[in-house]
Amino acid sequence: MDIVPILSTLRRHKTTALLVVLEIALTCAIVCNAVFLISNRLERMKMPGGVAQHELIMVQAASIGQQADAKARAREDLALLRQIPGVTAAALVNEVPFTNSSWNTSIKLDPKQKLATLNATQYYGENLLQTFGTRLVAGRYFRDDEYMDFADIRNNEELQAKVGSIVITQGLAEKLWPGQSPLGRSIYLGDSSVRVIGVVAGLIRPSLFNGDASAQWSMVFPLRMDTGNASRYVLRSAPAERERVLAAAAAALRKADPHRVILDKKTLDELRDDFFQGDRSMAGLMLGVCVALLVVTALGIVGLGSFWVAQRRRTIGVRRALGATRGNILHYFQTENFLLATIGIALGMVLAYGINLFLMVHYELPRLPAFYLPVGAAVLWLIGQAAVLGPALRAAAVPPVVATRSV
Amino acid sequence: MFVYYLDLALRSLKRNKVLTALMVIAIAVGIGASMTTLTVTYLLSGDPLPGRSQRIFYPQVNPSPHASTKHGPWDVMDYRSAMDLWSARRADRQALIANATVKLGAPGSGRPPLMVPTLATTADFFPMFDAPFRYGRGWSADDDAGRTRVVVISDDLNRKLFGGEDSVGRTLRLKDGDVRIVGVLAPWRPSPVFYDVRGGRYSNGDTASFFGRPEDVFVPFAAAEDLVGNDFDAFTCWAGWDSANASLQSSPCVWMGLWVQLDDAAKVAGYRSFLASYAAQQKTLGRIAYAEDTRMMGLMQWLDFNQVVPSDVRLQTWLAFAFLAICLFNTVGLLLAKFLRRGGEIGVRRALGATRRAVFAQCLVEAGLIGVLGGVGGWLLTLLGLWLIRRQPVAYADLARLDVAMFLVTFGLAVAVSLLAGALPAMRASRIAPALQLKVL
């Protein structure tokens, strides 16, 4: 295929050619970035929780006012919950993954440090790790005699100093002591220190308010909660049993204390769905926009292609009369579209990187991976070829006799 | 002439229905997408107190005796600082605020108790923030001083508990004490709930929750201290606090906000120096460490500081306008195709004496007509888009409605886009030389 005549024709239709090029460039730039945003959101929705995702349910019951018998109440509640058929574990905890309420603290590796090393979340609750179903990768979980009552230690510095052990996540360990074993090492919280006795593969922190990079910075303490300072009951059961257990748990808690208000009762799957709702709708919206953009661009190419064919009917007739085959004419328009698309794509790549830079600054997005560009280019080439096929076929059907008219 | 051009435009549009439909759809889709997101951004970034917001300020001091000041003052204040500033009464109006979620019972209603979001505040809150009353009124400064157990409730709560009738004078049970209803608000939906905005810089752009509803119960601050005890929401604490044995009032925690109304620039300057001298005095007393760390932002500045428009919404707006730009390019191309195809017709008109200007005007009328049609489609798509947003589980969902201003903007934008798209093709069409076209007829 000879490109020179195509170029010289295009030179005579600078505006229309420029429009096609610009449209393809913009579409290429936006679609590349939008698809990148979609994949980021989808990736985020896969964030590992580190817990038995499909086996957990949460019931949140408001404790009303100061209770003299909060510890007894908690013991009784948990005993009742464990009696529900199908419940394999239960815990009263201070915070639950995929919710927006979290307890956090700054930690140091050296008490003399001026600034804290990082901010991590604190999970409290007897039997929490066993109930959550985290995976132990080093060390051990807490022994029963290690647990202390949060109500007793919270205002007693002497007792606080006795909380000697914690379990942390692999992610936090790797952040604090890269490449080393965290077991036996100390973390300083305020004036007291705790020693790492166990490491779990993962445990996501609630409310990722510090950004996704810190999602796995979780610490679990051997502290027992009561109804005066915690409200979230977590139960574990077989996935199929969850709905029934959820209803039974809420009923049991209400029966144990009729003045209690059940604030929330959900499976962890529902909590997770809600937590990532924003990401899901954003990804859906972007996908819709991408499809609409590609359709609009294709329609634009169809429209301009038809116009060109109509405008060049006589030229096509002359070429046919001079011996060009239908295939020649078809290829002419296909090559022309390919050329325009290529220029558009080249411009679009530059623009895509520009938009990506803007997004990196304003929305803390990572850099656009390079493989998006060839994929984006291929998609636009295909769409361009598909869109121009109709007009090009119509051009190829122009009979040579047209050349003899009105010349 | 305009009517004649309109008639010509209609005929021309009818001649090539597919091309016309393509252009109208492109404009409609572009307008629909951008107006949906623009409406949401407009609703979320608007002034919650039009006409008064420039007189409302949020004074802050940093009460920390030692903490680092790299973040500026905390978003709220401790009891001592907030109370001192409030009771100095140096502003035209001033209201303390503190939040709590409290158990509320309606004796005699047979309903189980509810947990209701409650705002402890002071008498000036209602006039300062233009809160509309359906029944009764707010409480007085005497009620603040006398720790009177009265409440103002929201329209929502009044409907839930009393079926919407006048409940002034009735008694509710707030935690463990009886309170008398003195006022019922009319439906009130400031967006955002500006007086509660805080912590936006820690939210990673996920600020949709600022657009929830105002509290259901408003109670005088002093009465709330007696009723709620230590159950207020604390923003953060800079040291350990024994909540079982020590009051929140004496705790090293920040949990109270203060809003002031300052009616002119002199008063604003006066209040700033008062704030500075208060902090300096407290530093001399040894209570706080950083006297320089005071701040007083205006309401809109405070909202801006907290980045109240969720970052997803801003991103969607960018995306929608890029989409509109592509639709615009598309329409330019199609219009160019359409006008130049009619070269012969335009040539005849020019040969018969039509000026370039006349041809240009005729083409623009046609483009404008496409814009109006696209506007109608865009308006319908905007309604559809907003309906979809209302079905999303976000706090601002129920706000997503098209008001008159945005309705007009929709059509304005559609016509502007189509005229912009039509300008270049019309220019090209008006430059067609009559002779050349007549030759080939």
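Each chain gets a letter, A, B and so on, in the order its sequence line appears, and its residues count up from 1. FYI, side chains are in, hydrogens and waters are out, and symmetry mates aren't considered; it's all heavy atoms of this structure.
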Checklist entry - Do any of residues 326-334 of chain B come closer than 4.5 Å to chain A, heavy atom to heavy atom, and if so which ones, in number order? => result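 Result: I326(B), C327(B), F329(B), N330(B), V332(B), G333(B), L334(B).
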Which bit of [X] comes within less than 4.5 Å of chain A, counting heavy atoms only: side chain, backbone, both or neither?
| X | result |
| --- | --- |
| L336(B) | both |
| A33(B) | neither |
| R314(B) | both |

Item to check | Side chain to side chain, L315(B) and L37(A), heavy atoms closer than 4.5 Å | outcome: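 Answer yes - side chains close enough.
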Minimum-distance pair of heavy atoms, taken over all atoms of [X] and [Y]:
| X | Y | value |
| --- | --- | --- |
| L285(A) | Q316(B) | CD2-CG, 3.4 Å |
| L19(B) | G303(A) | CD1-CA, 4.4 Å |
| V261(A) | P113(B) | CG2-O, 3.9 Å |

Item to check | Pairs flagged by salt bridge (charged side-chain N to carboxylate O under 4.0 Å, His left out) wherever residues 278-298 of chain A is involved - sequence neighbours left out | outcome: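 Listed by first then second residue: R41(A)-D279(A), R44(A)-D279(A), D273(A)-R280(A).
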For the [atom1] atom on [X], are there more than 12 heavy atoms of other groups (residues, nucleotides or ligands in this structure) within a distance under 6.0 Å?
| X | atom1 | value |
| --- | --- | --- |
| R15(B) | CZ | yes |
| K160(B) | NZ | no |
| W103(A) | CH2 | yes |

With a 4.5 angstrom heavy-atom cut-off, which part of [X] approaches chain B: side chain, backbone, both or neither?
| X | answer |
| --- | --- |
| I30(A) | side chain |
| L263(A) | side chain |
| L26(A) | both |

Checklist entry - With respect to chain B, which residue among V289(A), V302(A), L359(A), L293(A) yields the maximal number of heavy-atom pairs within a distance under 4.5 Å? => result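 It is L293(A).
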